[in-house]
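Have a look at the structure below before the remarks.
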Amino acid sequence: MSSNNNAPDSTMPIDVVIMAAGKGTRMKSALPKVLHRIGGRALLQHVLDTAASLQARKAVVITGHGATEVEAACQGNTGLVLEFARQEPQLGTGHAVQQALPHLADDAVVVVLSGDVPLTQADTLFHLIAASGGNKLALLTLDMPDPTGYGRIERAANGDVKAIVEHKDATPAQRAIQEVYSGIMAVPATALKRWLARLDNNNVQKEYYLTDIVRFAVTDGEHVVAHKITDAVQVAGVNSPVQLAQLERAFQLGVAHRLMEEGVRLADPARLDVRGDLSCAHDVSIDVNCVFMGQVNLGEGVSIGAHCVIANAVIEAGAVIHPFTHIDGEKLGVTVGAGSLIGPFARLRPGARLEAEVHIGNFVEVKNTTMAKGSKANHLAYLGDASVGERVNYGAGSITANYDGANKHRTVIEADVHVGSNCVLIAPVTLGAGGTVGGGSTITKDTPPGALSVARGKQVSIANWSRPKKASKA
Ligand code: UD1
Ligand code: CA
C-alpha cells in the first residue's frame with residue numbers, strides 16, 4: 001500500500017470521503033460492519049491506510065450505525081487527518097456525502113470510498129484521480145458477468161457516460177448492461193457541492209442516490225469519465241460473513257504472493273495467514289497452516305514448521321521452529337536466537353529472550369526469561385521470571401515456582417548448571433555456576449557453585465513388604 005509512483009503531478013489536494021454509516025444487517029453481528037477484520041485489521045482501517053498512501057489531506061468518515069464505536073476505533077491513526085460526520089438517519093449514499101460537505105474545501109479533488117470495501121489499491125485510485133484531471137467527475141467501473149444489484153453505467157452511442165441507473169430503477173434493457181459503478185468516484189469538490197444540492201429521492205428506494213450526480217453533470221454539459229478496471233477484488237464490498245471470508249482469502253493470497261516474490265518458500269500459499277506485519281530475510285521457509293500476528297521478523301534461513309502461531313517475535317537466522325509451536329510476545333516481545341531449535345509443541349510467552357542455539361522442546365513454557373547461548377529445556381518444563389546462563393541443561397518436568405500468590409520472584413540459574421528432572425525451584429533462588437540439582441529436588445535455598453544439591457525425602461526400602469489385601473466379603 002506504499003507505492004505512490006502514479007501520484008498525479010497535480011498540486012490539487014486530495015480529500016477522501018469514506019461512507020461508513022450503513023448497518024450491515026447481513027453480518028448478523030453486534031460489531032459494526034466496518035470494524036470486522038481482514039488480515040487482522042478492521043475493514044475501515046484498510047480504507048484509511050489506502051487514504052494515507054494517497055497522501056490525502058484529510059479523510060472524512062461518515063458514521064451512523066455504531067458511530068461511537070466506529071469513531072473510537074479510528075483513533076490512533078498516524079499521519080492522516082481524520083474528521084467525522086454523522087449521518088442520522090441514513091437516507092442514501094448521496095445524503096451520506098452531503099453530510100461531509102461542510103468538511104470539504106473547494107480546492108480539493110474528492111475521492112469517495114466505502115468503509116466496507118477494503119482492498120482497493122492506491123495505484124488504482126491515482127489512475128482514477130488522473131482520469132478526473134481535477135476538473136471532471138471520474139467513475140471507477142468494471143464489467144461484471146452478473147451485475148445484479150449494482151448501478152449500471154449507461155453510455156451514449158459515442159461511448160460517453162450518460163448516467164448511472166440503480167438496479168432497482170433499471171429497465172430490462174438497462175439491466176442487461178454489464179458495466180457497473182464500483183461505488184468509488186473522484187470529483188472536484190466545487191462540482192460535488194453544486195450537484196449534491198440538486199439531489200432528490202424520486203426513485204424506487206426513496207433514497208438520495210450519490211449516483212444521480214452523473215445525470216446532473218451531463219445536464220450541465222460536462223464530460224463524465226470512467227476508469228474501468230478488471231480486478232473485481234479491488235472494489236468488492238463486505239456484506240456478509242461469506243464475503244468477509246472470501247476477501248480474507250484474497251487478501252492472504254496477495255500477502256503470500258508478495259512474500260514468495262521476496263524469496264520466501266511457502267509450502268502452500270493458500271494455507272498462510274498474516275494478521276499483521278511479517279518481514280522475512282532470504283531463504284525462509286514456512287510450512288502449512290501458520291498464523292503470524294503483530295510484528296514478526298524472520299531471519300535468514302529460518303524454518304517454520306506446520307501449524308505454528310507466531311506473534312510479536314523476532315526469530316533470528318537459522319532458527320528452526322518445529323510444528324505446533326505457539327509464540328506470543330504480546331507487548332514485551334519474544335526473541336529466538338540464531339540457530340535455536342524450538343518445539344514441537346513449545347510455548348514462548350512475553351519476555352522470552354533466547355540467545356543463540358537454545359533448545360526448547362515439547363511442552364515447555366518460557367515466560368519473561370532470558371536463556372543464554374546453548375542452554376536447553378527439552379521436555380515438559382516451565383521457566384518463568386528466570387535468568388538462565390550458558391549451556392544450562394534444564395531437566396524434564398522441572399519448574400520455577402515464581403509466584404507466591406502475591407508477587408513474582410526471579411530464579412537465577414548460572415552457567416553450566418544441570419537441573420535434574422522434576423525439580424521445583426522456589427524463587428527467589430540462585431543456582432551457582434556449574435552446580436547440579438538432583439532429580440526430584442525442591443530447592444528453597446541458593447545452591448553453591450560446583451556442588452551437587454539434593455533436596456528430597458531419602459529413599460527407604462522395607463524388605464519383604466507384603467501389600468495390603470482386599471478384605472474378603474463376608
Ligand atoms: C451503491 C451504488 C451503486 C454501486 C454500488 C457498488 C448508490 C445509490 N448506488 O449501491 O451504483 O453499484 O454501491 O457497491 O450509491 N451508506 C451510508 N449511508 C447511507 C447509505 C449507504 O453511509 O445512507 C454507505 C454504506 O454503509 C456502504 C456504502 O455507503 O458502505 C454503499 O452503500 P450500499 O447500500 O452498499 O450501496 P448500494 O445500494 O449497494
Ligand atoms: Ca453495496
Side-chain angles (χ1 to χ4, degrees), residues 16-27 29 31-36 42-44 46-48 50 59-67 70-71 84-101 111-120 137 139-144 146-154 161-170 174-175 177-185 187 192 195-196 199-216 224 226 228-229 232-240 243-244 247:
V16 170
V17 171
I18 303 173
M19 296 184 288
K23 189 160 185 206
T25 313
R26 286 161 61 198
M27 292 303 293
S29 168
L31 188 68
K33 177 165 78 171
V34 294
L35 298 187
H36 284 270
L43 298 175
L44 179 55
H46 284 265
V47 183
L48 292 171
T50 305
V60 184
V61 183
I62 298 154
T63 60
H65 280 284
V70 171
E71 290 167 15
F84 297 99
R86 293 264 177 116
Q87 185 201 17
E88 276 153 355
Q90 289 81 38
L91 302 179
T93 52
H95 178 254
V97 178
Q98 279 173 343
Q99 311 313 306
L101 293 183
V111 176
V112 178
L113 304 173
S114 291
D116 57 359
V117 178
L119 302 185
T120 318
L137 170 57
L139 307 171
L140 191 65
T141 72
L142 76 164
D143 288 332
M144 285 212 157
D146 178 9
T148 308
Y150 289 90
R152 307 301 205 281
I153 303 294
E154 209 181 16
V161 175
K162 271 195 341 195
I164 298 175
V165 186
E166 291 305 313
H167 180 89
K168 288 184 179 151
D169 300 289
Q174 288 165 330
R175 287 187 182 183
I177 298 171
Q178 289 196 318
E179 187 182 4
V180 304
Y181 170 53
S182 66
I184 294 173
M185 63 170 63
V187 53
L192 181 66
W195 294 328
L196 283 180
L199 281 189
D200 61 43
N201 64 352
N202 296 330
N203 53 56
V204 170
Q205 303 187 80
K206 297 280 165 266
E207 281 182 16
Y208 295 88
Y209 291 163
L210 176 60
T211 43
D212 278 348
I213 70 172
V214 174
R215 270 189 209 92
F216 303 147
V224 178
K228 202 199 255 193
I229 61 168
V233 162
Q234 287 199 46
V235 294
V238 172
N239 298 298
S240 67
Q243 289 170 342
L244 185 70
L247 283 197

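When a ligand or atom number is given, it counts from 1 through the structure's own listing order. Along the sequence shown, residues are numbered consecutively beginning with 1.
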Heavy-atom proximity to [atom], best of [options]:
| atom | options | answer |
| --- | --- | --- |
| atom 27 (C) of ligand 1 | Asp116, Val238, Asp169 | Asp116 |
| atom 26 (O) of ligand 1 | Gly22, Ala20, Gly24 | Gly22 |
| atom 2 (C) of ligand 1 | Glu207, Lys168, Glu166 | Glu166 |
| atom 18 (N) of ligand 1 | Arg152, Met185, Met144, Gln87 | Gln87 |

Mind checking side chain to side chain donor-acceptor pair (under 3.5 Å) for Gln99 and listing every partner two or more places apart, or none if nothing turns up?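 So Gln99 forms a side chain to side chain donor-acceptor pair (under 3.5 Å) with His95.
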Identify which one of [options] satisfies the side chain to side chain contact (heavy atoms under 4.5 Å, CB included) criterion when paired with [X].
| X | options | result |
| --- | --- | --- |
| Pro118 | Leu44, Leu113, Leu247 | Leu247 |
| Val224 | Val161, Val187, Ile153, Ile164 | Val161 |
| Val235 | Ile229, Leu119, Val180 | Ile229 |

For [X], atoms of ligand 1 separated by under 4.0 Å from a heavy atom:
| X | result |
| --- | --- |
| Gly151 | 3 (C), 4 (C), 11 (O), 12 (O) |
| Ser182 | 6 (C), 14 (O) |
| Thr93 | 7 (C), 8 (C), 15 (O), 20 (C), 21 (C), 29 (O), 31 (C), 32 (O) |
| Tyr209 | 8 (C) |

Rounded distance [0.5 Å steps], [atom1] in [X] versus [atom2] in [Y]:
| X | Y | atom1 | atom2 | result |
| --- | --- | --- | --- | --- |
| Thr50 | Ile18 | OG1 | CD1 | 8.5 Å |
| Leu199 | Gln98 | CG | CD | 5.0 Å |
| Thr141 | Met185 | OG1 | CE | 12.0 Å |
| Arg26 | Leu244 | CZ | CG | 12.5 Å |
| Gln87 | Thr93 | CD | OG1 | 9.0 Å |
| Phe216 | Leu137 | CZ | CG | 12.0 Å |

Side chain, backbone, both or neither: which part of [X] comes within less than 4.0 Å of ligand 1 when only heavy atoms are counted?
| X | result |
| --- | --- |
| Ala96 | side chain |
| Val235 | neither |
| Lys33 | neither |

Would you check the N or O atoms of [X], main chain and side chain alike, for any that come under 3.5 Å of an N or O of ligand 1?
| X | result |
| --- | --- |
| Gly92 | yes |
| Thr211 | no |
| Tyr150 | no |

Kindly give the heavy-atom pair with the smallest separation between Ile184 and Ser182, and that separation in Å. N-OG, 3.1 Å
Contact with ligand 1 for [X], non-hydrogen, under 4.0 angstrom:
| X | result |
| --- | --- |
| His95 | no |
| Ile62 | no |
| Gly237 | no |

